[in-house]
Amino acid sequence: MAEARRSVKARRWAALAAGRLRRSAALLAASIAALLALHLASGGSARALAAAVAAVLLVALVSSGRRAPPPPAEPAQPLRGDTGGLTVENLAAAVADPLILGDARGAVLIANRAAVAAFGEMRPGLSLLLKFRAPEMQLLLETMISPKPEPASIDYVDRLPFERVFRVNAQPVGHATGMFVLLFKDQSEARRIERMRADFIANASHELRTPLAAISGFVETLRGPARNDAAARDRFLQIMQDQTARMARLIEDLLSLSRLEMKAPALAGKTVELSAVVDSVVETLRTLALDSGVEIDNLFGAAPIEIAGDRDELFQIFQNLVENACKYGRSGGRVQISRVIGAGRNEIGVEIRDFGPGIAAEHIPRITERFYRIDVESSRLQKGTGLGLSIVKHIVSRHKGRLAIASELGKGAAFTVYLPTS
Amino acid sequence: MTIMPSHHIVSSYDDELKYLTRKIAAMGGHAERMVDQAVTAMVHGDAELARQIVSDDLFLDEAQRAIDERTISIIARRQPLASDLREVIGAIRIAADLERVGDLGKNVAKRAITIRHGMDPTSPFRGLRALADLALTQLKEVLDVYASRNVERLSETRDRDEQIDAMFTSVFRELLTYMMEDPRNIAPCTHLLFCAKNIERIGDHATNIAEAIFYIVTGEQLPPNRPKVDVSTEIGSAPGNL
């Protein structure tokens, strides 16, 4: 052990000496040349020359490694590839996606701000294996801290506190440093859209299945126990007819919703006279209103107002809203349509107000969702499809307008469609 | 010459303790995943997924056994003291709780295989999902504290326990109503009731784990203030008391 230490010391000295000699090589060469010249000129002894050369070398060796300060750097263009003392932290901070640099033990070295925002506290030294416990993340991290790390990428789903989907790319960095980088790409939005579509299909099929189940049940009864019961047969056929009508309505609504989504808004150049649309809606629904014992009070007025829009679509908005008001606000006995002038803006509002039971505050933000129903039973009784208000909202936003809903329990509800005037 | 091997021993002792914490993290990840997927299988009526979960439970059983063996060997060979001893004892307790969480998840998955829902597929399942989200959030927070050792955050997770109890009571009422409405709902609703109870128990295990972590880090017990909000034991005892 002692021997080894000595040899190490000797080697270090040799390296130091060589370095110093190399640094003053030019100077040394010059002085030795001068000594040689002197020697030749004066014809002195060879021993004196050797002593003089040795003395010069010794001075060069012993003189400290201190050197004259380097000449001030010229303010020239920066060299290509010069990063100007950029640190890994600077780089990590410049990445917008969550980025974590881990060490060979799987602990955090650096986590950028996006990573802290996404995963909470991420101080250096935190074990990534303890933080990311999902089985697929554990596998990935184990590969990264193994002796032979390989670049890999996985999908990581963090469902709580709210669902996030990340594509995680893991990559060892440097040469055998044991360090690795985790880069998280957020893909939640794509997943959410996909989920919405799947939910919609599930809801739509459920809505279609319910009347279908009723029809097939009645068909079974008609072929079996009620085969010879004329009164029951009539009643059942009536129910079956109602159910098929409901399915037809639902399919029609679904188609009209999908048409609205497929068709790019092509409203350019088309104008509509709004009071005429309101008038024709009121005319169309007069019978329905009479049947439900509701009086439609049209206070919109005949003053013509031109707006950019599609007549059929606007007709559908007001038809749906007035129909809803007649159905759900029938206990109020009256539906009132009036004109609202938007405050200080170039827009016109059409307010459809009923005096029925009103809508509880917690439902108001959600009633334009597809198939959202406050009360499933009463909606079915009213032949609702659960899509009416979604369609209204869709058309209104296509017309760059907005839908305002105001209601209080027991005091009726007011749906106001604001549309921009040209 | 004499210092080298002693350092070696400490580092392998460290490795052994680290093995325990990592194994617990892996168990936690598996348990979280199992419960989440079990509820998903229940909501979507996905029997295939449910069967997968039931077979996944093996991992947790094996991991718990491995932790038990490793801790006994550590105690026997290293005679750990102070924080090391708490770490080892805590690992045993947490592993046992996580294994139970896995069992509860497995039970939910088994019921997902049995249940045939001819019921309105959204309503009661939505409550179950919300309950599971609360319980899993609590478990996740607690296990995050196990990673960060920042025990100040544990008090927040205890508050969540109250939310879970309140949610369980609400799901209980809802299911009872469905059963009263239609006797055909009794079979699926009973299964759902057990599932809800299982999930509520997961919240309790998360609280146990929180207590174990607090003990590991501080050497003290969490103060015992645990108000009970689960009033489902009082529901339905008298007619009209719903």
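Here is how names work: the chains are called A, B, and so on, in the same order as the sequence lines, proteins then strands, and each is numbered from 1.
With a threshold of 4.5 angstrom between heavy atoms, B:Ile24 does not approach chain A through any atom at all. Residue contact with chain B, scored on non-hydrogen atoms closer than 4.5 Å, involves the side chain of A:Leu126 exclusively. For chain A, the nearby part of B:Asp36 is the side chain; its heavy atoms alone come within less than 4.5 Å.
Residue A:Arg167 places its CZ atom among more than 12 non-hydrogen atoms of other residues, nucleotides or ligands, all under 6.0 Å distant. In the displayed structure, A:Glu220 atom CD is contacted under 6.0 Å by at most 12 heavy atoms of other residues, nucleotides or ligands. Summarising the local packing, NZ of A:Lys393 is surrounded by 12 or fewer heavy atoms from other residues, nucleotides or ligands at distances under 6.0 Å. When the shell of 6.0 Å around CZ of B:Arg93 is examined, it contains more than 12 heavy atoms from other residues, nucleotides or ligands. Remark: B:Arg149 CZ is packed, more than 12 non-hydrogen atoms of other residues, nucleotides or ligands lying under 6.0 Å away.
In this structure, A:Arg123 contributes its side chain and B:Ser148 its backbone to a donor-acceptor pair below 3.5 Å.
Atom CG of B:Asp144 is separated from atom CZ of A:Phe119 by 11.0 Å, given to the nearest 0.5 angstrom. Between the OH atom of B:Tyr146 and the NZ atom of A:Lys131 there is a distance of 15.0 Å, given to the nearest 0.5 Å. Taking OG1 of B:Thr137 as the start and CZ of A:Arg159 as the end, the distance is 8.0 Å to the nearest 0.5 Å. Going from atom CE of B:Met27 over to atom CZ of A:Arg133 covers 13.0 Å, rounded to the nearest 0.5 Å.
Among B:Asn150, B:Asp133, B:Leu136, the residue making the largest number of heavy-atom pairs under 4.5 Å with chain A is B:Asp133. Contact tally against chain A (heavy-atom pairs below 4.5 Å) for B:Lys140, B:Lys18, B:Glu141, B:His30: the top residue is B:Lys140. If you tally non-hydrogen atom pairs under 4.5 Å between each of A:Pro135, A:Gly125, A:Gly106 and chain B, the highest count goes to A:Pro135.
A salt bridge does not link B:Arg22 with A:Glu142: none of the charged nitrogens is closer than 4.0 Å to a carboxylate oxygen.
Heavy-atom minimum distance, B:Thr21 versus A:Leu130: O-CD1, 3.7 Å.
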